[in-house]
Amino acid sequence: MKKGSHTRAANREQNRTFALFTIPGFLLYCAFFITPVLMGIYYSLTDWDGITRNYNFIGVENYGKIFSNKQFLGSLLFTFQYTFFLIVFTIVLGVALALLLNRHIKGLSFFRAMYFFPAVLSGLTVGLIFKQLFYHVVPVIGQALHIEALSQNPLADPVLAMWSILFVALWQGLPIPMLLFLAGLQSIPTDLYEAAALDGASAWQRFRTITVPFLMPVLSVVLVLTLKSGLMVFDYIMSMTEGGPGTATQSVAYMIYIHGFTQNKYAQSIAEAIVIGIIIALISAVQIYFTNRKKAV
């Protein structure tokens, strides 16, 4: 047998082996992801309440109700506002902390471990802890410092409630982006900074022309993760405000939960979940496209 024929036969055998190993993963993916998604799309076209066996096929009626529902639009507005500020603060504070922890200082390992500690806690646990702090501790501090805005529970204020939730989300959510940015910073060759300094580049110029381009791949990952986290925020809302005061902090994810598991509007909640999933996918695709263009430049 010629060498080329032997190589092709070996490659075919290897490909068959690889295909066999992918079958279990593919079957599990179909069973636990593809099938539920297809069933969800089907049920979103019905009036099923999630309990009874009888339901009617109503087409896209649930989708038509979504964008005429002021409650959904209000929840969507709150979710977008929360996500915007979450992304901005996560990137700014994450990069700032990464730059700080990338320096050669004493006790660096301790500070890195301390900053990462909140990430190992449960979101519901953190929310319940801060709920008690906002209720019992913050008003006392506000009264002692004569700060009127903090003299009462901030979660009871329609404006401060969102910022309180955002503060908790940043306190717990910053460690992972910070570590990603730190890894990106440590991958940058120090020779580039030294050469730029010799050419007279300022600290800002070095950051803008060296640090930022090298951090673009990490920035793309952080943007997608933070975007998903913001648009799907649920645990902090559930544990701290339950959508209140009124509906001031009702996120889309929490509203979907209320419709599906409290009001038995299961089909409608599935339609809302599909819509928010499409929104996340579209925004992520646009963000990745522009980030890749920025990297190419």
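Residues Tyr257 and Leu128 do not share a hydrophobic cluster, clusters being chains of Ile/Leu/Val/Met/Phe/Trp/Tyr side chains in contact below 4.5 Å. There is no path of hydrophobic side-chain contacts, each under 4.5 Å, that joins Tyr135 to Val137. Hydrophobic clustering, with ILVMFWY side chains joined whenever heavy atoms are under 4.5 angstrom apart, groups Val138 together with Leu145. Placement of Leu282 and Leu227 within a single hydrophobic cluster is found when ILVMFWY residues are connected by side-chain heavy-atom separations under 4.5 Å, directly or transitively. Follow the hydrophobic side-chain contacts under 4.5 Å out from Phe26 and you never reach Phe18; the two are in separate clusters.
Side-chain N or O atoms of Arg206 include none that pairs as donor or acceptor with a backbone N or O of Thr211 at under 3.5 Å. Here the side chain of Thr226 pairs no donor or acceptor atom with the backbone of Leu223 at under 3.5 angstrom. A donor-acceptor contact shorter than 3.5 Å is absent between the side chain of Thr247 and the backbone of Gln250. Side-chain atoms of Asp157 come within 3.5 Å of backbone atoms of Val159 as a donor-acceptor pair (strictly under, hydrogens ignored). Proximity of a side-chain donor or acceptor of Thr262 to a complementary backbone N or O of His259 within less than 3.5 Å is not detected. Between the side chain of Thr241 and the main chain of Thr249, no donor-acceptor pair closer than 3.5 Å is present. Ser229 places no side-chain N or O within donor-acceptor distance of the main-chain N or O of Leu225, the cut-off being under 3.5 Å.
Counting heavy atoms from C-beta on, the side chains of Phe214 and Leu185 never come closer than 4.5 Å. Between Leu20 and Ile23, the closest side-chain pair of non-hydrogen atoms falls below 4.5 Å. For the pair Leu121/Trp171, a side-chain contact is recorded, criterion being any heavy-atom separation below 4.5 Å from C-beta on. Residues Met178 and Leu101 form a side-chain contact, since some pair of their non-hydrogen atoms from C-beta on lies under 4.5 Å apart. No side-chain heavy atom of Ser151 sits under 4.5 Å from any side-chain heavy atom of Pro139. Taking the side chain as every heavy atom from C-beta outward, Leu38 and Tyr42 never approach each other to under 4.5 Å. Looking at heavy atoms from C-beta onward, Leu45 lies out of side-chain contact with Asn62 at the 4.5 angstrom threshold. Looking only at side-chain heavy atoms (C-beta outward), Val275 and Phe67 come within less than 4.5 Å of each other.
Residues Gln172 and Pro175 approach most closely at O-CD, 3.1 Å, considering heavy atoms. Scanning both residues, Tyr43 and Thr46, for their nearest heavy atoms gives O-OG1, 2.7 Å. Here the closest non-hydrogen pair linking Ala161 and Leu155 is CB-O, 3.8 Å. Minimum interatomic distance between Gly260 and Tyr266 (heavy atoms only, all atoms of both residues): O-CD1, 4.0 Å. The nearest pair of heavy atoms linking Ile188 to Gly184 is CG1-O, 3.4 Å. Heavy-atom minimum distance, Pro245 versus Ala156: CG-O, 3.6 Å.
With 3.5 Å as the limit, one finds no donor-acceptor pair spanning the side chains of Tyr254 and Glu242.
Residues meeting the salt bridge (Lys or Arg N to Asp or Glu O under 4.0 Å) test with Glu13, sequence neighbours left out: Arg16. Under the side chain to side chain contact (heavy atoms under 4.5 Å, CB included) criterion, Thr209 pairs with no residue, sequence neighbours left out. Listed by chain and number, the residues in a side chain to side chain contact (heavy atoms under 4.5 Å, CB included) with Ile274 are Ile41, Ser44, Tyr63, Ile270, Ile278 (sequence neighbours excluded). Considering only residues two or more places apart in sequence or on other chains, Leu198 meets the side chain to side chain contact (heavy atoms under 4.5 Å, CB included) condition with none of them.
Pairs engaging residues 47-66 under the salt bridge (charged side-chain N to carboxylate O under 4.0 Å, His left out) rule: Glu61-Lys65 [sequence neighbours left out].
The environment of Glu148 atom CD is sparse: at most 12 non-hydrogen atoms of other residues, nucleotides or ligands sit within 6.0 angstrom.
A side-chain contact (heavy atoms from CB on, under 4.5 Å) with Ile256 holds for exactly one of Lys265, Met232, Gln268, Glu272; it is Glu272.
Remark: Tyr55 OH to Ile58 CD1 distance equals 12.0 Å, nearest 0.5 Å. Expressed to the nearest 0.5 Å, how far CG of Leu215 lies from OG of Ser220 amounts to 12.5 Å. In this structure, OG in Ser251 is found 8.5 Å from CD1 in Ile165, a value given to the nearest 0.5 Å. Rounded to the nearest 0.5 Å, atoms OG1 (Thr52) and CG (Asn264) are 9.0 Å apart. To the nearest 0.5 Å, atoms CE (Met255) and CD1 (Ile276) are separated by 8.5 Å. To the nearest 0.5 Å, atom CG of residue Leu182 and atom CG of residue Leu97 are 10.0 Å apart.
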Derivation and outcome, side chain to side chain contact (heavy atoms under 4.5 Å, CB included), residues Leu219 and Phe181: CA-CA 8 Å; Leu219 181 63; Phe181 285 127; 4.2 Å; yes
Listing, residues 77-95 side-chain donor-acceptor contacts under 3.5 Å, not counting sequence neighbours, or none:
{"residue": "Thr79", "atom": "OG1", "partner": "Ser75", "partner atom": "O", "Å": "2.7"}
{"residue": "Thr79", "atom": "OG1", "partner": "Val252", "partner atom": "N", "Å": "3.1"}
{"residue": "Thr83", "atom": "OG1", "partner": "Thr79", "partner atom": "O", "Å": "2.7"}
{"residue": "Thr83", "atom": "OG1", "partner": "Gly230", "partner atom": "O", "Å": "3.3"}
{"residue": "Thr83", "atom": "OG1", "partner": "Leu231", "partner atom": "N", "Å": "3.3"}
{"residue": "Thr90", "atom": "OG1", "partner": "Leu86", "partner atom": "O", "Å": "2.6"}

